[in-house]
Amino acid sequence: MTLDHRIPVTLLTGFLGSGKTTLLNKLLNNPGMKNTAVIINELGSAGLDHILARTVESQQIADNTVLLESGCLCCTLSNELADTMRDLFFKRQLEAIPMFNRLVIETTGMADPGPIMANLLNEPVISSTYRLDAVVVTIDSQYGLQQISEHGEARKQAAVADVLLLSKTDLATAAELDTLSATLQQINPGASQYRITHGEIDPSAIIDAGLFDPSGTQAQPQRWLRAPSRSKAVRGMLPQTVHEDEITSFTVTMPKPLTWMQLEPVLQWLCAEHGESLLRMKGIIHAEDLPAPIAIHAVHHTLYPPNLLQGWDEDEPITRIVLIGKGLDELKIRDALMQI
Ligand SMILES: Nc1nc2c(ncn2[C@@H]2O[C@H](COP(=O)(O)OP(=O)(O)OP(=O)(O)O)[C@@H](O)[C@H]2O)c(=O)[nH]1
């Protein structure tokens, strides 16, 4: 048997706000992960994820982190991803960047992993230098069932996973978790399932999981590409096209100074009032009554506790909030935020 020296790739995906960045931060702060390169793909132009992913302490990882910000990998950026992976590899060979021996790609919450992997596997340089280790998918324990039933993207992600991570287990009851597990089992019986809170998991469960047999006898690259036909096992669900049309995203920029005391109730109202159609909200807030900027997050009706971005600042301290949703009333939301 010949040893496979190609660099293992973990594709980390999961629906909007399901806990990918939280998991990635936890993983990358694990000492065993220090030789990791990271590619983060962001949806929309607001470019917040790299700020939200900034708690990674390793300079080596920071130097090996690349952001792809101009669109979603599965539809527009497949070449950019392949170019980036090639570029990382050549820089590694030339010792122009710190050595890395694994790559984690975090996709946007709307990504369909199938086309991404198809594009990579069809690239001769990529497939000779990288090997797929696992598709790891986070599923929100609180909203996962709803997302799977309403959004083709969430279903496809669950269907192609090698590892399913039921995230935010602190926000769901045991019965809800069991129902979600059973639904996922129906959609993707072959995937292993773990329940996680705040991204805590032993990296060995998902990294170098040996899901691809290096000898090549067991490896089934086509499984990365398979159509999510098994997701039809969930009753009443129809296959849908990538990125359902009616999902829109917009950014509200608030240049004038504000306070968290003023803003928080409006965000709470927004989640209560528009939670059904609000798939994701995230933002960077510069508030006069806080010691540092904060990152805010919401999924549907849940506004999470904000994270203080201690020690971080920007040249232009502009508060901006990105909203992604289905049928969001942009005018009303803008209006409410701009009243502050
Ligand atoms: N209560 C609770 N909150 C969590 C947990 N995991 C993540 N969160 C919060 O959920 C929010 C969204 O988490 P992220 O890690 O940013 O989600 P994401 O999948 O990277 O989001 P997108 O990249 O926008 O799709 C953040 O406020 C997290 O702090 C958890 O286990 N419990």
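In listed order, ligands and their atoms are each counted from 1.
Looking only at side-chain heavy atoms (C-beta outward), N25 and T21 come within less than 4.5 Å of each other. Considering only heavy atoms from C-beta on, M254 comes within 4.5 Å of L337 through its side chain. Contact annotation: the side chain of V9 never approaches that of D133 to less than 4.5 Å [non-hydrogen atoms, C-beta and beyond]. Side chains of R6 and P8 form no contact here, defined as non-hydrogen atoms less than 4.5 Å apart.
Remark: ligand 1 and G19 share an N or O pair separated by less than 3.5 Å (distance only, no angle test). By the 3.5 Å distance cut-off applied to N or O atoms, Y304 is not counted among the residues near ligand 1. Taking only nitrogen or oxygen atoms, main chain and side chain alike, L23 does not reach within less than 3.5 Å of ligand 1.
With no hydrogens or angles considered, a side-chain donor-acceptor pair links Y143 and T302 at under 3.5 Å.
No cation-pi contact links R334 to F250, judged by a cut-off of 6.0 Å to the six-membered ring centre and 45° from its axis.
In this structure, S18 counts as a contact residue of ligand 1, since one of its heavy atoms falls inside 4.0 Å of the ligand. Note on ligand 1: G14 sits outside its first shell, no heavy atom being nearer than 4.0 Å. Look at E200 and you'll find every heavy atom at least 4.0 Å from all atoms of ligand 1.
Ring planes of H151 and F15: parallel class, angle under 30° (limits at 30 and 60°).
Contact atoms of ligand 1 toward D170: 1 (N), 2 (C), 30 (C), 31 (O), 32 (N) (distance under 4.0 Å to a heavy atom of the residue). Near L16, with a cut-off below 4.0 Å to any heavy atom, the atoms of ligand 1 are 25 (O). For ligand 1, the atoms sitting less than 4.0 Å from at least one non-hydrogen atom of T197 are 31 (O), numbered in the order shown with element in parentheses. Shown in contact with T22 at under 4.0 Å from a heavy atom are these atoms of ligand 1, numbered in order with element: 6 (N), 7 (C), 13 (O), 14 (P), 15 (O), 28 (C). Near L171, meaning under 4.0 Å from one of its heavy atoms, ligand 1 places the atoms 1 (N).
Ion pairing between R86 and D83 holds under the 4.0 Å rule for side-chain N and carboxylate O.
Side-chain atoms of K20 come within 3.5 Å of backbone N or O of G14 as a donor-acceptor pair.
Counting heavy atoms only, H297 comes closest to atom 26 (C) of ligand 1 of the residues K20, M281, H297, K282.
Heavy atoms of T21 found under 4.0 angstrom from ligand 1 belong to the backbone as well as the side chain. Within the 4.0 Å heavy-atom criterion, neither part of L24 lies near ligand 1.
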